[in-house]
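Read the numbers this way: they start at 1 and go in the same order the structure lists the ligands and their atoms.
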Amino acid sequence: MIDTTATAAWQELVTHCEEISSVSLRELFEIEPRRAQALTVPAGDLVVDFAKQRLTARTLDLLLQLAEQTGVARARAAMLSGEHINVTEDRAVLHTALRLPRDSELVVDGVEVVAQVHAVLDRMGEFTDRVRSGAWRGATGEKITTVVNIGIGGSDLGPAMATRALRRFCDGPQVRFVSNVDPADLTAALADLDPATTVFVVASKTFSTLETLSNATAARRWLVDALGEDAVAAHFVAVSTDTDRVRAFGIDPAHMFEFWDWVGGRYSVGSAIGLSVMCAIGRERFGQFLAGMHAIDTHFATAEPARNAPLLAGLIGVWNASLLGYRSRAVVPYSQDLGRLPAYLQQLTMESNGKSVRADGTAVSCPTGEVFWGEPGTNGQHAFFQLLHQGTEVVPVDFLGFARAGEGQDLPARDGDVTMQQLLLANMFAQAKVLAFGRDAGEVRGDGTAEELVAHKVMPGDRPSTTILAPELTPSVLGQIIAFYEHQTFVQGVVWGIDSFDQWGVELGKAQATALQAVLAGDATPDTGDASTDRLITTYRTLRDKR
Ligand SMILES: O=P(O)(O)OC[C@H]1O[C@](O)(CO)[C@@H](O)[C@@H]1O
């Protein structure tokens, strides 16, 4: 298997990296007067501006050579055609098939999958229409007013993020999300609900996840206590790949919405896992959401490399993390509605690329897997931006902003003719500008700053960012943003040589938690194999019993 660091392109990038580290972003803009135009790449409705990244035309050229030498185009074709690129689980990786138009065809492992996908979408649409219209009645004949999605990880973060992002389009039942096995989560979600008007969507690819099954069991008890066992059929539906386990839990497979092992959990929001989103926004808008994803899939599959936004974004992520040593990336959407995007991207990117071995089991030879984190702007400006501007760590930022607020939603700002949406965007542009270009001591002194404060007010600059602008946050645009990040994650995985679609690293903790449950509940002297855990369990028991 190709070792990325052994390629000729990588070797050249290492040398180039040293050269570029001595050139400031200010200088790069002087040397390359057409930089802003050249490094702005449209993709669907997204306009992606890479101009404030620390790179030159030469860097991009070398990164594109790296993509060629590590086989990104070949891997992309393999993914899109359904080859088993998830080698450790021997599975195809086909989230892109979830958003193929109805008249497309794709045969995978001898099965035509597009027809299957649309059959499930149709069933989801029928269920959604019935819930939204009131045709789906609860056990006592009442209309459903609340849908509670019970799931975790990919079975929660995607739908929860999307429902919040599209909240101005939510005109169906209210939708809530319960994920954590912390009982506070379910208790709070159910506190003001009426079992007679509530439907639970139990969403789990495997239908074996401890948190989801615990919450679903508790929710079932809550419902049965109020309405009796026979009520389960009208109040529980499932989303899963495992019919037997759904049946064993007590949900009729007729009330199950299927997806397939070729959809990874963190890539599943376009599958039946999006049922709660469809309930909230309706099937037509959910169709627009899928069409948005498909538009970026098509861009990723067909745009020439130098104008392929997800390809460039993925390569620039590798450049930042593995060569320049910028190990984390802040994602700052200037949109309160996108408040859960950073959490969603944490799973998408870190569960995909947080790996130390390559697909063939050999050790990686460079740092992989950026640490993703963030909060919406402008809130983040009043929290962690100090470190972004003047800290010792350089953290590249992804800014996301929208030209328009939702229809009829913009408000006048405090003074002048400026609207709040303009104020929001002005902040976003200002932050990216200051991060890139800073302010040197001469400029600070020029403002009449007292000499003892000059060092404190110098803004170092040279802090890279990408700005993603779109006209408005609509279902389609949200789909485009998701697919844009999915594909850049894929590109990085290919360059690093890792399997971005397994997640073995989370298994051991799950197994040990299962083993520790009984120890916590019992009174025998703990003997878990390590003194620290034994001591913590003893302390826990003391605290638990001291009231
Ligand atoms: O949908 P499931 O099978 O309940 O899994 C939930 C999540 O658990 C994981 O397997 C591990 O955290 C994720 O990949 C997945 O999204």
Please write down residue, atom name and distance for the protein heavy atom closest to [atom].
atom                    : result
atom 14 (O) of ligand 1 : E351 OE1, 2.7 Å
atom 16 (O) of ligand 1 : G154 N, 2.7 Å
atom 3 (O) of ligand 1  : T206 OG1, 2.6 Å
atom 7 (C) of ligand 1  : I152 O, 3.7 Å

message = When you measure from the centre of the six-membered ring of F249, is the NZ or CZ of R220 closer than 6.0 Å and no more than 45° off the axis?
response =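 Yes.
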key: Modelled atom types, side-chain donor and acceptor of N320 and E370, under 3.5 Å   =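 Distance-only check fails for N320 and E370.
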Between T96 and D297: side-chain donor-acceptor atoms closer than 3.5 Å =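 Result is no, nothing qualifies.
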Partner set under salt bridge (charged side-chain N to carboxylate O under 4.0 Å, His left out) for E472, not counting sequence neighbours =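 Expected list: R168, R404.
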Residues forming a salt bridge (charged side-chain N to carboxylate O under 4.0 Å, His left out) with R245, sequence neighbours excluded =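 Once residues adjacent in sequence are excluded, the partners of R245 under the salt bridge (charged side-chain N to carboxylate O under 4.0 Å, His left out) criterion are D242.
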key: Where ligand 1 meets T209 - atom numbers and elements under 4.0 angstrom, heavy-atom basis   =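 Numbered from 1, ligand 1 contributes 2 (P), 3 (O), 4 (O), 5 (O).
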inquiry  = For a 4.5 angstrom cut-off between non-hydrogen side-chain atoms, does I273 reach Y267?
reply    =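 Counting from C-beta outward, I273 and Y267 never come under 4.5 Å.
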Best match, K205, R245, Q347: closest heavy atom to atom 15 (C) of ligand 1 =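 It is Q347 whose heavy atom sits nearest to atom 15 (C) of ligand 1.
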Nearest candidate to atom 8 (O) of ligand 1, where distance is taken over non-hydrogen atoms, out of E211, Q503, K510 =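 When every heavy atom of E211, Q503, K510 is considered, K510 comes closest to atom 8 (O) of ligand 1.
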